[in-house]
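Here is the structure we will look at.
FYI, side chains are in, hydrogens and waters are out, and symmetry mates aren't considered; it's all heavy atoms of this structure. The sequence lines fix the lettering, A, B, ..., with proteins before strands; numbering per chain opens at 1.
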2 protein chains.
Amino acid sequence: MWPLSQKPGWAAATAIWSTRMSLARLDNKWTAMVVIALGRGDGLRFGDLRAVVQGISAKVLTETLRDLERDGIVARHEYAEMPPRVEYELTALGRTLHVPLQALGRWAEKHTAEVLEAREAYDAGRR
Amino acid sequence: MWPLSQKPGWAAATAIWSTRMSLARLDNKWTAMVVIALGRGDGLRFGDLRAVVQGISAKVLTETLRDLERDGIVARHEYAEMPPRVEYELTALGRTLHVPLQALGRWAEKHTAEVLEAREAYDAGRR
DNA sequence: CAGGATCCTGCTGGATACTG
DNA sequence: CAGTATCCAGCAGGATCCTG
């Protein structure tokens with residue numbers, strides 16, 4: 001195996017990753033969880049999302065949803081009622097994104113123990 | 001469809017997501033790209049990684065690699081040579097993580113155009 | 001209830017210089 | 001080459017208060 005840096009086209013092809021991965025909105029640490037949450041039920045309310053995505057503040061949830069709406073991943077439905085009701089759901093594009101993200105969520109659930117063990121072993125070695 | 005907040009077990013089951021997704025190291029925006037890069041070749045050097053994961057600083061790459069090593073996802077091989085050489089590769093656990101992350105990368109590549117269009121449309125409507 | 005506005009802080013992560 | 005150490009700016013994101 002030769003150094004990647006000498007592989008023709010590699011650097012150029014991978015240079016745009018950062019841009020594309022940003023488009024996937026992975027730069028916002030909450031995005032993935034919001035999309036996964038939305039992928040489960042249809043018509044989730046703001047409050048439901050806050051409860052499900054534990055730890056997120058109202059402000060950040062609002063911003064995250066705005067960004068996702070702008071990117072065509074989330075659709076916002078506002079009902080002129082009293083009290084006001086707003087529901088969010090994934091668009092068709094959003095549902096395609098939900099697939100790999102859900103796979104990632106499953107990975108996390110499945111391998112949590114292994115990661116924790118590795119972490120303890122590492123820390124034990126350092127001590 | 002009833003509100004999620006009333007679904008028994010849901011809140012409890014999803015409350016730990018944040019923890020588990022953190023374990024997946026999605027809170028670091030560079031992690032995904034580093035793992036994807038490592039998943040391609042075996043024995044990537046520090047400098048190669050810096051070149052491939054465009055825009056990352058040496059400091060942050062170091063920290064990211066340390067965290068991944070601690071979590072048992074990346075293995076570090078140091079060679080006592082002059083000049084020094086250090087190679088990184090995914091562990092068995094790391095390769096299982098690589099699968100969903102690569103899928104995510106493919107999503108980003110495939111749907112970049114759609115996202116950009118949605119973004120323009122959204123901004124046009126706002127104007 | 002859903003969020004806009006504002007203020008403020010901590011940590012992320014960049015720049016630079018130095019070592020084995 | 002592959003880091004480490006230090007310093008520091010910027011911004012993510014939390015707390016609080018307010019509105020339709």
Side-chain angles (χ1 to χ4, degrees), chain A residues 2-6 11 17-19 21-22 25-34 37-38 41 43-70 74-89 122 126, chain B residues 2-6 11 17-19 21-22 25-34 37-38 41 43-70 74-89 122 126:
Chain A
W2 49 345
L4 273 185
S5 41
Q6 287 168 34
W17 276 13
S18 44
T19 315
M21 289 304 270
S22 301
R25 314 236 99 265
L26 274 186
D27 48 338
N28 180 339
K29 75 171 180 177
W30 295 108
T31 309
M33 285 196 293
V34 169
L38 284 173
L44 284 199
R45 304 187 57 176
F46 190 85
D48 289 328
L49 278 172
R50 273 203 76 181
V52 170
V53 183
Q54 261 226 342
I56 195 170
S57 71
K59 178 195 171 189
V60 176
L61 178 55
T62 301
E63 289 168 352
T64 303
L65 286 169
R66 283 287 167 282
D67 287 343
L68 287 172
E69 192 190 351
R70 190 166 101 99
V74 159
R76 195 186 120 106
H77 302 290
E78 197 170 346
Y79 300 90
E81 299 175 358
M82 210 44 185
R85 181 163 59 100
V86 182
E87 291 187 354
Y88 297 90
E89 63 174 353
Y122 183 91
R126 292 248 126 195
Chain B
W2 48 346
L4 273 187
S5 39
Q6 287 167 33
W17 276 12
S18 43
T19 314
M21 289 304 269
S22 300
R25 312 235 103 265
L26 274 185
D27 48 336
N28 180 339
K29 74 172 182 178
W30 295 107
T31 308
M33 286 196 294
V34 169
L38 284 174
L44 285 198
R45 304 185 58 172
F46 189 86
D48 288 329
L49 278 171
R50 272 201 78 180
V52 169
V53 183
Q54 262 227 341
I56 196 171
S57 70
K59 177 193 171 191
V60 175
L61 179 54
T62 301
E63 289 167 354
T64 304
L65 287 170
R66 283 287 168 282
D67 287 344
L68 287 172
E69 190 189 354
R70 189 167 103 99
V74 159
R76 194 186 121 106
H77 303 290
E78 195 171 346
Y79 300 89
E81 299 175 0
M82 211 41 186
R85 180 163 59 102
V86 180
E87 291 188 352
Y88 296 91
E89 63 173 353
Y122 184 90
R126 292 247 125 194

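Here R50(B) lies out of heavy-atom contact (under 4.0 Å) with every strand.
Once rounded to the nearest 0.5 Å, the distance linking CG of L44(A) with CG of L65(A) reads 10.0 Å. Distance CH2/W30(A) to OG/S57(A): 8.0 Å, rounded to 0.5 Å.
The two residues A37(B) and L49(B) make their nearest non-hydrogen contact at CB-CD2, 4.0 Å. The two residues L61(A) and R50(A) make their nearest non-hydrogen contact at CD2-CG, 3.3 Å.
In the helix from dC1(C)-dG20(D) to dG20(C)-dC1(D), the rotation axis of the first five pairs and that of the last five pairs differ in direction by 50°, rounded to 10 degrees.
The interatomic distance linking D67(B) (CG) with dG3(D) (C1') rounds to 16 Å, in whole Å. Between the CD atom of E78(A) and the P atom of dA2(C) there is a distance of 11 Å, given to the nearest Å. The CZ atom of R76(A) sits 17 Å away from the P atom of dC1(C) (whole-angstrom rounding). Computed from coordinates, the L44(A) CG to dC1(C) C1' distance equals 16 Å when rounded to whole Å. In this structure, the CZ atom of F46(A) is 12 Å from the P atom of dC1(C), given to the nearest Å.
Residue pairs meeting the salt bridge (charged side-chain N to carboxylate O under 4.0 Å, His left out) criterion with at least one member in residues 53-66 of chain A, sequence neighbours excluded, are R66(A)-E69(A). Note on residues 74-86 of chain B: pairs passing salt bridge (charged side-chain N to carboxylate O under 4.0 Å, His left out), not counting sequence neighbours, are R76(B)-E78(B), E81(B)-R85(B), R85(B)-E87(B).
Interface residues of residues 79-88 of chain B facing DNA chain C, ordered by number: P84(B); criterion, heavy-atom separation under 4.0 Å.
Residue R45(A) places no side-chain N or O under 4.0 Å from the OP1 or OP2 atom of dC1(C).
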Atom pairs, protein N/O to nucleotides 13-15 of chain D N/O, distance under 3.5 Å:
from	atom 1	to	atom 2	distance (Å)
dG13(D)	N7	K59(A)	NZ	2.8
dG13(D)	O6	K59(A)	NZ	3.4
dG14(D)	OP2	S57(A)	N	3.4
dG14(D)	OP2	S57(A)	OG	3.0
dG14(D)	O6	K59(A)	NZ	2.5

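Residues forming a side-chain hydrogen bond (donor to acceptor under 3.5 Å, both in side chains) with T64(B) (at least two apart in sequence, or on another chain): N28(B).
Y88(B) places a side-chain heavy atom less than 4.5 Å from the side chain of V74(B).
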